[in-house]
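Step one of this worksheet: look at the structure below.
We count ligands from 1, going down the list as the structure has it; atoms in each ligand are counted the same way. This chain uses plain numbering: 1 for the first residue, then up along the sequence. None of the values given here were measured: they were computed from a predicted structure.
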Amino acid sequence: MTATGRPTAAERALLIRACELAARGVGTVSPNPSVGAVIARGGEVVGEGWHAGPGLAHAEPVAIAQAGDAAHGATLVCTLEPCSHTGRTGPCTQAILDAGIARVVVGALDPLERTRGEGVRILAAAGVEVVVADGADAARAREAASAFLTWAASGRPEVTLKMAASLDGRVATRSGDTRWISGPEARARVHRWRADMDAVAVGIGTAVADDPMLTARDVDVAVGREALRVVLDPHARLPLGSALLVAPAAAPVLVVAGADADPARVDALRAAGAQVDLTDAAHGASFLGGALEALGNREVQSVLVEGGPTVAGALLDAGLVDVLAWVVAPVVIGGDGAPVAARGIGADRIADAPRVAAPRIERLGDDVLVMGRLRPVPDAAA
Ligand SMILES: NC(=O)c1ccc[n+]([C@@H]2O[C@H](COP(=O)([O-])OP(=O)(O)OC[C@H]3O[C@@H](n4cnc5c(N)ncnc54)[C@H](OP(=O)(O)O)[C@@H]3O)[C@@H](O)[C@H]2O)c1
């Protein structure tokens, strides 16, 4: 790889714009990365593009096509290293060279073996000036493709843990009543997230207690892009009469069961229409690690885990949560028997407790959303 120099202030601003463009692919782009690209010449933007999904043009050729002849001698700013391989579409490096682009600013390197550093090397070898962003610019670019980068680096999806809790941290009353702790605006946001993710998961306790559908409702979902509905069910005890199995819905259901699951129950779930993946482990953190690996093998790059508290606590204890999406509602549930949002072992010292770095805090109706990362997006340059 032979990149030199740093992006100029103007290029850093264009990278922010490219990240905004990349976000337009969220919900349709997987298993490809969300990528955005901007072409500028003489301080003027002449082309913009983003990648919308497998088989469709990549962000760079879209921006090049929009720029037309103006691409010659121009600067291309892209969130992710241009690909150098022929997949479902041709290599972006070739499209960049054919267009006569003079300078390329790369936000983040691609971690996949076939591209890592290769896109930069090919462009630089052909005489293109290549600059790779660093620091906060690179972090922003990695964030734009966070699900893909997490999956590519670890083989598991990016895990977003969503919980809705009262002011005193409870997720149900002592009698098990949960509807509704959060208000309609927060619930609508959850449906938006479901539409954007590759999978939505709950623990078997929640599947039994709430009998959820786990579909995205009252939001646009691209046809064929409905999130896989997942139950984390070590003993394969999902009732055959569950709404997940009997109510019609476009999205498939996957039960992830443990090594000790009763084969007859597994067969019954399959006969009822569920897909079943078995992990090597029977229970505990290894079961959860195996479940995420199973999702990764299915090219699930993002999963919204919607609890319950046992699974939430186990994921936090195992350090398997990438993003927290915590809704706090202005209600006090109280009582010794009302379940808290995260069970399990928990932190011994406050200093060791998982803490969101630079949380985004947003008001959703009367509720407050606290959202942010517990784990950084993997960096292929590291
Ligand atoms: N307010 C909210 O945001 C929210 C969200 C979800 C749920 N809830 C409420 O929470 C309650 C259900 O919570 P819950 O804690 O009982 O259920 P849960 O967390 O959904 O599921 C617990 C079950 O998951 C299985 N499991 C999978 N991996 C595990 C691991 N590593 N460690 C331990 N267990 C694992 C176990 O099944 P086995 O027992 O078969 O081993 C366990 O009993 C309901 O009242 C529901 O309404 C509230």
Side-chain angles (χ1 to χ4, degrees), residues 156 159-183 186-187 189-191 193-194 200-214 229-239 242-244 254-262 265-266 269 276-295 303-321 324-333 335 337-346 364 367-371:
R156 67 163 179 83
V159 175
T160 300
L161 174 63
K162 166 259 151 188
M163 295 298 283
S166 64
L167 288 173
D168 54 337
R170 316 301 178 100
V171 293
T173 66
R174 62 191 155 81
S175 69
D177 187 31
T178 53
R179 291 196 180 154
W180 295 105
I181 293 174
S182 54
R187 298 204 302 277
R189 180 64 62 90
V190 172
H191 285 276
W193 290 331
R194 286 181 182 178
V200 178
V202 288
I204 180 63
T206 300
V208 171
D210 297 353
D211 199 16
M213 285 286 288
L214 302 180
R229 298 175 294 158
V230 181
V231 183
L232 302 166
D233 185 6
H235 300 101
R237 59 184 173 94
L238 180 68
S242 300
L244 280 166
L254 171 69
V255 174
V256 184
D260 289 350
D262 177 356
R265 282 294 305 160
V266 170
L269 287 168
V276 182
D277 282 356
L278 298 172
T279 67
D280 291 340
H283 212 268
S286 324
F287 167 78
L288 288 176
L292 293 178
E293 198 183 309
L295 293 179
V303 59
L304 181 71
V305 180
E306 300 195 28
T310 304
V311 160
L315 282 169
L316 287 164
D317 285 344
L320 289 171
V321 178
L324 270 192
W326 214 267
V327 175
V328 182
V331 59
V332 179
I333 293 177
V340 295
R343 299 183 60 201
I345 301 166
L364 297 174
D367 304 325
V368 176
L369 168 68
V370 180
M371 186 160 183

Open item on the list: So does V327 get a backbone contact from the side chain of D367, meaning a donor-acceptor N/O pair under 3.5 Å?
Closed with: no
Show me the side-chain donor-acceptor pairs of residues 278-295 shorter than 3.5 Å, one per line, residues at least two apart or across chains.
residue, atom, partner, partner atom, Å
T279, OG1, A281, O, 2.8

- [ ] Answer yes or no: is there a donor N or O on one side and an acceptor on the other, between the side chain of D211 and the main chain of A243, under 3.5 Å?
- [x] yes
Task: Atom indices of ligand 1 within 4.0 angstrom of A209 heavy atoms, with elements - done: 44 (C)
Open item on the list: Taking the side chain as everything from C-beta on, heavy atoms only, tell me whether R179 gets closer than 4.5 Å to D210.
Closed with: yes
Open item on the list: I'd like to know if the side chain of R265 and the backbone of A236 have a donor-acceptor N/O pair within less than 3.5 Å.
Closed with: yes
Task: Among R343, H283, R237, H235, closest by any non-hydrogen atom to atom 33 (C) of ligand 1 - done: H283
TODO: Using the test side chain to side chain donor-acceptor pair (under 3.5 Å), find all partners of R170 that sit at least two apart in sequence or belong to another chain.
DONE: none
- [ ] Check each of A314, G308, P212 against atom 30 (C) of ligand 1 and report the one with the nearest heavy atom.
- [x] A314
Open item on the list: Please list, in number order, the atoms of ligand 1 under 4.0 Å from a heavy atom of F287.
Closed with: 27 (C), 28 (N)
Open item on the list: I want to know if ligand 1 touches V311 in the polar sense, i.e. an N/O pair below 3.5 angstrom.
Closed with: yes
Open item on the list: Which of the numbered atoms in ligand 1 are under 4.0 angstrom from any heavy atom belonging to E306?
Closed with: 5 (C), 6 (C)
Open item on the list: So, regarding D233 and ligand 1 (criterion: nitrogen or oxygen to nitrogen or oxygen, under 3.5 Å), is there a contact or not?
Closed with: no
Open item on the list: Measuring from atom 25 (C) of ligand 1, which candidate in P234, G203, A261 has the nearest non-hydrogen atom?
Closed with: P234
- [ ] Please identify which atoms of ligand 1 are closer than 4.0 Å to at least one heavy atom of G284.
- [x] 31 (N)
TODO: Number the atoms of ligand 1 from 1 as they appear, then name those within less than 4.0 Å of a heavy atom of M163, with their elements.
DONE: 3 (O)
Open item on the list: Distance under 4.0 Å to a non-hydrogen atom of P309: what atoms of ligand 1 satisfy this?
Closed with: 10 (O), 13 (O), 14 (P), 15 (O), 19 (O)
